[in-house]
Student: 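There's a structure below that I have some questions on.
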Amino acid sequence: MPLANAAIAAELEEIADLLEIDQANPFRVRAYRAAARTVGAWPRSVAEMLAAGERLEALPGIGADLAQKIADLAQGESLPILEALRAKLPHDITALLALPGLGPKRVHRLHEALGIDSVEKLRAALAAGAVAKVPGVGRAVAAKLSAALKEGTGQKPRTPLATADEIVAPLLSALRKAPHVELAEVAGSCRRRRETVGDLDLVVAAEDPGPAMQRFLRYDDVKEVLEQGSTRASVVLRSAGLQVDLRVVSKASYGAALLYFTGSRAHTIHLRQLALDRGLKLNEYGLFKGARRLPARSEAEIYEGLDLRFIPPELREAEGEIEAARSGNLPSLVGIENIQGDLHLHTNATDGRATLAEMARAAKARGYAYIAVTDHSRRMAMAHGLDARRLAEQITAVEKLNATLAGMTVLAGIEVDILEDGALDLPDSILSRLDLVVGSIHTGFGLSERQQTERLLRAMDNRLLNVIGHPTGRLINKRAPYAVDMERVMRSAVERGCYLEVNAQPERLDLGAHHCRLAKELGLRLAISTDAHAPADFALMRYGVDQARRGWLEAADILNTRPLAELRRLLARK
Ligand code: DGT
Ligand code: CA
Ligand code: CA
Ligand code: ZN
């Protein structure tokens, strides 16, 4: 199986890294490093040269021994030297090279003295005070490492997905404009739409990787270059201190590389096993049958080659998606285009920043059929929560507005506080005049699991309540969810004809993906709501949809994909 130059270069780079940590002869290290650069930048396919009977010694600086190794790699064979190095030094050890003060020599010493072969083990050894005592490392370097781990990649909280999206969009478009770049996509957890990302992983297809690499390394936002080779590099951006890993591959390998770097690790390992079971080989460079390269320019070709339906990135967590793809039981995931309206938003009557009319206009411009205005109730004094009188005024305002709006309906609603005893913060006499009541917990996060669960059940006992807002109360990186028996809450919601919300605020994403999946199992529909406080917040809907997709949900599982008439029927309580 012919291997692309880029892939050959990547393997040679890894050999150089590992040899260097292993304290091999510096000339040998340099030879591999130079060979990686040469092959990576060579304009013609090495595999094709070999097929045409040309000799690789023609490449500058490549001697007979390296030429043989490159030829082996080009034919898809694994090199005994790389296998041996990988067996000796775990893959994660190269990550240590990215830390300040750590070159191959010190990484070697730390490995020899303390068995450190990953950032996690380094962190533990630093905490135990062992690192400063290693000869050739010392106090100063240990202090520098502690500081770096505290603020740097390891300890740093994971970046919210929405922040990562904002950072990656201009970077991708810069790469797409670089010469020779045919395709560029973000992979990793960002593409799987996890709620937070550890780092960004980019995959680029370009026959000549040089220009893309240059564009990447010289990108304005780059604060520090951690690692650079001919086809891969890692940098830290000023924005959010986010690390970005780039891989440049050939077009023929693009699908395989995108699949590999999208992960999850568990998903691709499972796929690789599936390939082996069929006598095929799948890796980050392609899909192979013996010496023959099967189509792998796109992920779709690879899934097809494995007799699987295409698996959307959001499902690639090794949680049953491969089995479902094989048996034709993959869900047809809800998409942003299925969303008909938004059922949780605020206006400047409470803590929103726009008027009711402005919010309605923005929703109509998005093509929505309906929205529900759900300002806060009186208990939220700091947000100027509405009492019964002000809510009555808002209901009148909604009626007036509806008379002027064509093609979109504003539903009158409230986000009413669920008090600690489970009572609602406004009298039934006013709640009964609303189209939709969202009930939320904003206080009393410290109750026991039993108390919190009873509180929510009691709130749902009120037949005027429709949807529980942000049901776990967590704030990503800031506040843990309160203790609650979610399965019991969901079962009770089904019995009572209530619903739960997927709040799309990037720091909430509440419910999260696993709870979405649980809801589906229990037959509970969910609302996906932005909790918008300004017109621009309507765009957050995609983050709620992303989590619902990660939870295997289809359009029919979502309340606000239903047309208005059906929505009204669904809101009628049992
Ligand atoms: P993150 O960055 O912590 O949010 O999570 P990911 O999934 O983006 O993980 P990351 O950045 O370490 O690696 C990106 C993808 O590359 C990962 O999802 C799968 C692939 N990958 C990286 N290293 C390995 C590996 O050693 N084996 C396999 N099978 N895949 C790997
Ligand atoms: Ca990542
Ligand atoms: Ca990464
Ligand atoms: Zn709220």
Side-chain angles (χ1 to χ4, degrees), residues 91-92 94-95 98 119 153-154 156 158-161 163-165 167-168 171 185-203 216 226-227 232-237 240 242-247 257-258 260-265 267-268 284 313 316-317 342-347 350-352 372-380 382-386 413-419 424-425 437-445 459 467-475 479 482 500-505 507-511 527 529-533 537 540:
H91 177 75
D92 289 351
T94 52
V119 175
T153 45
K156 146 175 188 305
R158 294 171 58 87
T159 304
L161 180 60
T163 309
D165 273 353
I167 294 169
V168 80
L171 174 52
E185 203 42 78
V186 63
S189 52
C190 186
R191 182 157 179 256
R192 302 200 312 281
R193 309 309 285 160
R194 282 198 54 184
E195 54 199 34
T196 60
V197 308
D199 69 7
L200 290 171
D201 307 280
L202 307 183
V203 180
F216 182 63
L226 299 176
E227 203 185 313
R232 62 168 132 182
S234 291
V235 303
V236 177
L237 300 180
L242 199 55
Q243 181 175 326
V244 190
D245 299 335
L246 171 72
R247 276 298 184 117
L258 188 60
Y260 180 88
F261 290 107
T262 295
S264 67
R265 205 163 294 207
H267 176 85
T268 56
E284 59 189 285
R316 299 183 194 167
E317 300 291 349
D342 203 325
L343 300 179
H344 182 165
L345 63 93
H346 299 268
T347 74
T350 60
D351 62 350
V373 52
T374 58
D375 267 314
H376 286 291
S377 65
R378 60 191 174 185
R379 170 71 176 264
M380 292 286 278
M382 282 193 352
H384 310 290
L386 304 180
I414 188 80
E415 180 185 14
V416 66
D417 263 57
I418 297 173
L419 305 179
L424 303 183
D425 184 33
V437 174
V438 175
S440 299
I441 285 177
H442 292 123
T443 55
F445 295 95
V467 180
I468 305 270
H470 42 75
T472 78
R474 65 103 175 245
L475 294 177
R479 185 171 74 206
Y482 42 69
L500 268 61
E501 172 184 272
V502 177
N503 189 297
Q505 291 279 323
E507 69 167 8
R508 288 195 183 273
L509 299 179
D510 181 10
L511 301 171
S529 304
T530 63
D531 198 351
H533 284 66
D537 291 352
L540 298 174

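Everything numeric in this text was worked out from a predicted model, so none of it was measured. All values below were derived from every heavy atom in this structure, side-chain atoms included, with hydrogens, water molecules and symmetry-related copies excluded. Indexing begins at 1, ligand by ligand and atom by atom, following the structure's order.
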Student: Among residues at least two apart in sequence or on other chains, which ones pass side-chain contact (heavy atoms from CB on, under 4.5 Å) with Y260?
Tutor: R272, E284
Student: Write down the atom of I167, the atom of A240, and the distance for their closest heavy-atom approach.
Tutor: CD1-CB, 3.9 Å
Student: Can you see whether D351 engages H384 through a side-chain donor-acceptor pair at a distance of less than 3.5 angstrom?
Tutor: no
Student: Distance under 6.0 Å and angle within 45° of the ring axis: does R479 meet both against F445?
Tutor: yes
Student: To the nearest 0.5 Å, what is the distance between CD (Q505) and CG (D531)?
Tutor: 5.0 Å
Student: Which atoms of the protein, restricted to N, O or S, are nearer than 3.0 Å to the Ca ion (ligand 3)?
Tutor: D199 OD1, D199 OD2, D201 OD1, D245 OD2
Student: Should R378 and D425 count as an ion pair when the cut-off is N to O under 4.0 Å?
Tutor: yes
Student: Just to be sure I understand the site: which N, O or S atoms from the protein are less than 2.8 Å away from the Zn ion (ligand 4)?
Tutor: E415 OE2, H442 NE2, H470 NE2
Student: What residues, two or more places apart in sequence or in another chain, satisfy ring-ring contact (aromatic ring centres under 6.0 Å, His included) together with H442?
Tutor: H376, H470
Student: Would you check if there is a donor-acceptor pair between the side chains of T530 and D342 at a distance under 3.5 Å?
Tutor: yes
Student: Has the side chain of T262 got a donor or acceptor atom that lies under 3.5 Å from a matching backbone atom of A187?
Tutor: no
